[in-house]
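All figures in this text were calculated on a predicted structure; none of them were measured in a lab. Indexing begins at 1, ligand by ligand and atom by atom, following the structure's order.
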Amino acid sequence: MSKERIKISEDLYDIMPSDYQDLVKSATYGKEDRGWKDIGNSKELIEQHSLCAGCPESMAFRYILASLPNPEDTVMVGSTGCTSLVFPMVAVHNIHSLFGNQNAIASGLKRALSVRFPGRTKDVVVLAGDGATVDIGLDMTLQAWFRQEKFTTICFDNELYANTGGQESGLMQKGFVAKMAPVGKLFDKVRLPEIARESGCHYVVQCTVSKPSLIEKVVRNAVMISREIGPTYLQLYTPCILEIGKNSMEGLQEMRDSEKPTERFAYKEYISEPAKQLLAEVSAKDKEKKAAAKQLAAQGA
Ligand SMILES: Cc1ncc(C[n+]2csc(CCOP(=O)(O)OP(=O)(O)O)c2C)c(N)n1
Ligand code: SF4
Ligand SMILES: [Mg+2]
């Protein structure tokens, strides 16, 4: 997919729905410095969603889609759960996999894309809930990391199975009582970021989605590193406001409270040595480009 392919024929322009005209006019496909600041102007990626009003998963979706470095050449792999409700409304190629199979599907897909499109960059990004990632899909998740598959795994951690009414997940906090888990969780939250690091991920971040600029940075880093070096993992706290008894306006505060340095979603990051080197090179190139653009602008003035 590229912006070129959604150009409207001039003869038909007037009869195309205004939404479609708008989509084409403000598309960010192909724009190098696209990012979260385009949200609001561009509705190419997601305009509506069917999640609960104020669900932080919807914020997370918008930030991620706006931050993909190459959305026209990205395929996202989803899994059953609240996360999957948004995919039908997303203008990025996506595949719905059987619950838990997402990292196995993504492994095959990434390999097939590199054979089908040699010499062209195709990014694969898995996006699944904590139940899909750490419980039913853990085997497939770990095996993809062991094999050093070159794609990014993003987990929307809402600490339970939200879509089926609130069952216990491995990422649920110890002692938490959910609607369908009345006894309370008996063991600690699984330390998946640490497991990801030990399993071969080159870039691992745990954070909330309270800051769009941070999500932009970590998504870009994760995709670039997985493209060039190996697997990357992002664990994003997207609280299920319905299950924790918050209203639509309270999701953001819940995330801010949970990301304080002593809390369970304090920012955590791991970068392997080769990944550090790659990020340094990317940053040096960016600086060079900016300096050249500045010089050009000064000459023109
Ligand atoms: C193979 C299979 N097993 C179980 C289910 C039932 N199921 C659907 S959604 C879901 C829970 C999803 O939880 P999570 O991955 O945490 O996503 P969330 O809804 O919390 O975003 C389950 C168990 C299913 N659809 N398919
Ligand atoms: S049930 Fe929870 S996770 Fe699912 S859409 Fe509603 S608030 Fe979001
Ligand atoms: Mg969940």
Self-check item: For atom 11 (C) of ligand 1, the protein heavy atom that lies nearest, with its residue and separation
Solution: Y161 CD2, 3.5 Å
Quiz item: Between N158 and ligand 2, which part of the residue brings a heavy atom under 4.0 Å of the ligand: side chain, backbone, both or neither?
Solution: side chain
Practice problem: Between L160 and ligand 1, find which residue part has any heavy-atom pair under 4.0 Å and reply side chain, backbone, both or neither. | Solution: backbone
Quiz prompt | Closest contact, heavy atoms only, N221 versus L279 | solution = OD1-CD2, 3.5 Å
Quiz prompt | Hydrophobic cluster identity match, L138 and M140, side-chain contacts under 4.5 Å | solution = no
Quiz item: Counting heavy atoms not belonging to Q277, are there more than 12 under 6.0 Å from its CD?
Solution: no
Quiz item: Would T28 and D38 count as having a side-chain donor-acceptor pair, cut-off 3.5 Å?
Solution: no
Quiz item: Is it the case that more than 12 heavy atoms not belonging to K179 sit under 6.0 Å from its NZ atom?
Solution: yes
Quiz prompt | For atom 26 (N) of ligand 1, the protein heavy atom that lies nearest, with its residue and separation | solution = F99 CB, 3.4 Å
Quiz item: Do you know which two heavy atoms are closest between L278 and I225, and how far apart they sit?
Solution: CD2-CA, 3.8 Å
Self-check item: Within-shell test, N163 vs ligand 2, heavy atom, strictly < 4.0 Å
Solution: no
Exercise. Spell out, as yes or no, whether a donor-acceptor pair under 3.5 Å connects the side chain of Q102 to the backbone of A128.
Key: no
Exercise. Can you establish whether the number of heavy atoms outside R147 located under 6.0 Å from its atom CZ is more than 12?
Key: yes
Exercise. Taking all non-hydrogen atoms of both residues into account, name the closest pair between E254 and S258 and its distance.
Key: O-OG, 2.7 Å
Quiz prompt | Identity and distance of the protein heavy atom lying nearest atom 18 (P) of ligand 1 | solution = C82 N, 3.6 Å
Exercise. Can you sort out which atoms of ligand 1 are near N158, meaning under 4.0 Å from one of its heavy atoms?
Key: 18 (P), 20 (O), 21 (O)
Quiz item: Are any N, O or S atoms from Y161 nearer to the Mg ion (ligand 3) than 2.8 Å?
Solution: no
Practice problem: Show which atoms of ligand 1 fall inside a sub-4.0 Å distance from at least one heavy-atom site of T83. | Solution: 21 (O)
Practice problem: Specify whether an N/O/S atom of C240 falls short of 2.8 Å from atom 2 (Fe) of ligand 2. | Solution: yes
Quiz prompt | Distance filter under 4.0 Å to G81 heavy atoms, resulting ligand 1 atoms | solution = 9 (S), 12 (C), 17 (O), 19 (O)
Quiz item: What protein heavy atom sits nearest atom 6 (C) of ligand 1, and how far away is it?
Solution: T164 CG2, 4.1 Å
Quiz item: What protein heavy atom sits nearest atom 21 (O) of ligand 1, and how far away is it?
Solution: E57 OE2, 3.1 Å
Quiz prompt | Lys/Arg N to Asp/Glu carboxylate O, K268 vs E194, below 4.0 Å | solution = yes
Self-check item: 2.8 Å cut-off met by an N, O or S atom of L160 to the Mg ion (ligand 3)
Solution: yes
Practice problem: Establish, for the pair K185 and F187, whether the NZ or CZ atom is under 6.0 angstrom from the six-membered ring centre and no further than 45 degrees off its axis. | Solution: yes
Exercise. Restricting to N/O/S, name the atom of D130 that gets closest to the Mg ion (ligand 3).
Key: OD1
Quiz item: Against heavy atoms of N163, which atoms of ligand 1 measure under 4.0 Å?
Solution: 9 (S), 19 (O)
Quiz item: Only one of F151, Y203, Y270, W145 forms a ring-ring contact (aromatic ring centres under 6.0 Å, His included) with Y233, so which one is it?
Solution: W145
Quiz item: For ligand 2, which atoms, with element, lie under 4.0 Å from some heavy atom of I241?
Solution: 7 (S)
Quiz item: So which heavy atom in the protein is nearest atom 15 (O) of ligand 1, and how far is it from that ligand atom?
Solution: A132 N, 2.9 Å
Practice problem: Assess C55: does it contribute an N, O or S atom lying under 2.8 Å from atom 8 (Fe) of ligand 2? | Solution: yes
Quiz item: Can a donor-acceptor pair be found between the side chains of T133 and T141 at a distance below 3.5 Å?
Solution: no
Quiz item: Would you say the side-chain atoms of S210 and E259 include a donor-acceptor pair closer than 3.5 Å?
Solution: yes
Self-check item: Nearest non-hydrogen protein atom, atom 14 (P) of ligand 1
Solution: G131 N, 3.5 Å
Quiz item: Which atoms from ligand 2 have a heavy atom of L51 less than 4.0 Å away?
Solution: 5 (S)
Quiz item: Starting from atom 25 (N) of ligand 1, which protein heavy atom do you reach first, and at what distance in Å?
Solution: T80 CG2, 3.5 Å
Quiz item: Can you tell me the protein heavy atom closest to atom 5 (S) of ligand 2 and the distance?
Solution: C52 N, 3.3 Å
Quiz item: For ligand 2, is any non-hydrogen atom under 4.0 Å from C82's backbone (N, CA, C, O), its side chain (CB onward), both, or neither?
Solution: side chain
Exercise. Specify whether F265 and Y237 have parallel, tilted or perpendicular ring planes, treating 30° as the upper limit for parallel and 60° as the lower limit for perpendicular.
Key: parallel
Exercise. Specify side chain, backbone, both or neither for D130, according to which of its non-hydrogen atoms lie closer than 4.0 Å to ligand 1.
Key: both
